[in-house]
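Contents: one structure, followed by commentary.
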Protein chains: 2
Amino acid sequence: MNATADRILDVGQELIQTGGFSAMSFQDIASEVGIRKPSIIHHFPTKAELGVAIIRRYRDTFASQLQQISKDPAKSSWDALEFYFSPFLFLASTPDKVCLCGALAGEIPALPEVMRVEVKQFIEAHQRWLEEILREGVELGELVLIDSPKSLSRVIFNSLQGSLLVRRSTEDVSQLKDLINAMRKLVKSDSSIQQIR
Amino acid sequence: MNATADRILDVGQELIQTGGFSAMSFQDIASEVGIRKPSIIHHFPTKAELGVAIIRRYRDTFASQLQQISKDPAKSSWDALEFYFSPFLFLASTPDKVCLCGALAGEIPALPEVMRVEVKQFIEAHQRWLEEILREGVELGELVLIDSPKSLSRVIFNSLQGSLLVRRSTEDVSQLKDLINAMRKLVKSDSSIQQIR
DNA sequence: TGTAAACTACCGAACGGTAGGTAGTTTGTC
DNA sequence: GACAAACTACCTACCGTTCGGTAGTTTACA
């Protein structure tokens, strides 16, 4: 139904992930979608509202996928963690793209206030979820951590974000995959490994 | 001597670290320094050249501090690592500022080509140096690592960069200090700690 | 069922503002 | 007098946004 609005969101998100929100212009989106600039404003009255719509759609999609896997009794904490890594592993094959929240976090000062609020909530949700996976894994005896769930969830989240950003300038494509492997070492499912206090 | 040029570089760097290169304008710098816009262009003909000058000055300063500490026989690898963390600990008390290379890495696609080259070299130098501290620490028996020097240096560098970026939106000021503590746990100077293979 | 009102999707043209950058001129100091 | 440093004035390009208007579809009601 809202085919045009969806395409605008698709193209907009792609442009944010490759070039950032500030660099994304209505003109760029219009050219890609095949309509004129004011037609975008018909669907999304301001650039800020378009930005908010893109974030909300992404977050909602992610949240529902999240729900699905955490409610599945056949999935372990390790599976959940691997699921958390999967979008980043996918990004590892698209050298010039970063994840949406990382791209937006990188230009927080230049963002309209409404978007800053949205980005903050988005990042906090990500961190909470990862922390919960780790905490539950420890409680169930499925995971052995090198550090506290809270501290380790920050390390993993921050290094994933940092890696995506840094990778774009170093053009070292293997770095992201290496990093995820390193993260797996910090979270052991093999309980024979000695835990560091 | 070049008092004005230096002030332009100072203000420019400050603006990049707080708002990014794209958001920084000649007008902003001029207002802060107390001169007119074309006077900046007199010292730095293009915005790209100003950007390159800022990066080069930062890198050269950092490199010489780096030389000093690594040549001092009284300093251990652990001291060198703490020195590496020190600028980040300083940034921990300035909530809206990120480090220069992180700010620039975040907007690589929007940067002029000459600056992209400079940023790439800057980041690679940082990573190489950190890796060298760790490698030397292991060889001297001063450090016990949770992972290989190369892999761990990436984890530390990426998570520091990511943390600065993320922190600006979450406004969680303690997160950076927590992270550095977590990093210290991944690199142990206490050899009684069991090393994970 | 006919028809007028309302709505949706889109368009061309233009506005106010800001960006980086240029040309030419004045000022201050060896 | 030479020259660097600073100035005023101006340019082009592009940004998000607004305006006025055009089709085509849907809705409301006599």
Side-chain angles (χ1 to χ4, degrees), chain A residues 1-16 18-55 57 103-104 106-116 118-119, chain B residues 1-55 103-104 106-116 118-119:
Chain A
M1 258 303 168
N2 284 4
T4 305
D6 281 341
R7 283 225 60 205
I8 292 171
L9 292 174
D10 288 341
V11 173
Q13 182 180 327
E14 183 80 16
L15 289 174
I16 292 176
T18 50
F21 181 77
S22 302
M24 173 193 84
S25 75
F26 282 162
Q27 191 55 65
D28 294 335
I29 301 176
S31 301
E32 184 65 30
V33 173
I35 56 176
R36 305 293 161 175
K37 202 167 59 163
S39 305
I40 297 177
I41 285 127
H42 168 73
H43 292 280
F44 305 97
T46 65
K47 198 185 176 188
E49 289 184 58
L50 172 59
V52 168
I54 290 172
I55 302 172
R57 189 184 65 154
L104 293 166
E107 45 184 340
I108 279 284
L111 257 38
E113 181 58 27
V114 278
M115 287 188 65
R116 257 180 273 180
E118 214 72 27
V119 172
Chain B
M1 258 303 166
N2 284 6
T4 306
D6 281 341
R7 282 223 60 205
I8 291 170
L9 292 174
D10 288 342
V11 173
Q13 182 180 326
E14 182 81 17
L15 289 174
I16 291 175
Q17 290 189 249
T18 50
F21 180 78
S22 302
M24 173 195 85
S25 73
F26 282 160
Q27 191 55 64
D28 294 336
I29 300 176
S31 301
E32 183 65 31
V33 173
I35 55 176
R36 306 292 163 173
K37 197 171 65 162
S39 305
I40 297 176
I41 287 148
H42 170 73
H43 292 279
F44 304 98
T46 66
K47 199 186 177 189
E49 289 184 59
L50 171 59
V52 168
I54 290 172
I55 301 171
L104 293 167
E107 45 185 340
I108 279 283
L111 258 38
E113 181 58 27
V114 277
M115 287 187 66
R116 257 181 273 180
E118 215 72 27
V119 172

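So that the names make sense, note that chain A is the first sequence line, chain B the second, and so on, each numbered from 1. When reading the values below, keep in mind they use all heavy atoms of this one structure, side chains included, and skip hydrogens, waters and symmetry mates.
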What is the distance, to the nearest angstrom, from the [atom1] atom on [X] to the [atom2] atom on [N]?
X	N	atom1	atom2	result
B:Leu111	C:dG20	CG	C1'	15 Å
A:Lys47	D:dC14	NZ	P	15 Å
B:Leu50	C:dA19	CG	P	15 Å
A:Gln27	C:dA13	CD	P	14 Å
B:Ile29	D:dA6	CD1	P	14 Å
B:Phe44	C:dG21	CZ	C1'	16 Å
B:Ile40	C:dG21	CD1	P	11 Å

With a 4.0 Å heavy-atom cut-off, tell me which residues in residues 7-24 of chain B come close to DNA chain D, sorted by residue number.
none
Looking at CD1 of A:Ile16 and CG of A:Leu50, how far apart are the two atoms once the value is rounded to the nearest 0.5 Å?
7.0 Å
So how far is it from B:Thr46 OG1 to B:Phe26 CZ, rounded to the nearest 0.5 Å?
6.5 Å
Dump the intermediate steps for side chain to side chain contact (heavy atoms under 4.5 Å, CB included) on A:Ile40 and A:Gln27, then the final yes or no.
CA-CA 9 Å; A:Ile40 297 177; A:Gln27 191 55 65; over 6 Å; no
Side-chain donor/acceptor of B:Lys47 to backbone N/O of B:Met24, under 3.5 Å:
yes
For B:Ile55, is there any backbone N or O sitting under 3.5 Å from a side-chain donor or acceptor partner on B:Glu118?
no
Between [X] and [N], is there a contact of a side-chain N or O with OP1 or OP2 at under 4.0 Å?
X	N	result
B:His42	D:dA6	no
B:Thr4	D:dA6	yes
B:Ser39	D:dC7	yes

Result for side chain to side chain contact (heavy atoms under 4.5 Å, CB included) between A:Leu9 and one of A:Ile29, A:Thr4, A:Ile54 points to A:Ile54
How would you list, by chain and number, every residue that makes a side-chain contact (heavy atoms from CB on, under 4.5 Å) with B:Glu14, sequence neighbours excluded?
B:Thr18, B:Lys97
Is there a side-chain contact between A:Arg7 and A:Val11 (heavy atoms, below 4.5 Å)?
yes
Shortest non-hydrogen pair, A:Arg57 vs A:Asp6, comes out as NH1-O, 3.9 Å
From the list C:dC10, C:dG12, C:dG20, which nucleotide is the closest neighbour of the side chain of A:Arg36?
C:dG12
Could you run down nucleotides 22-30 of chain C 5' to 3' and tag each one B, S or - for protein heavy-atom contact under 4.0 Å?
B--------
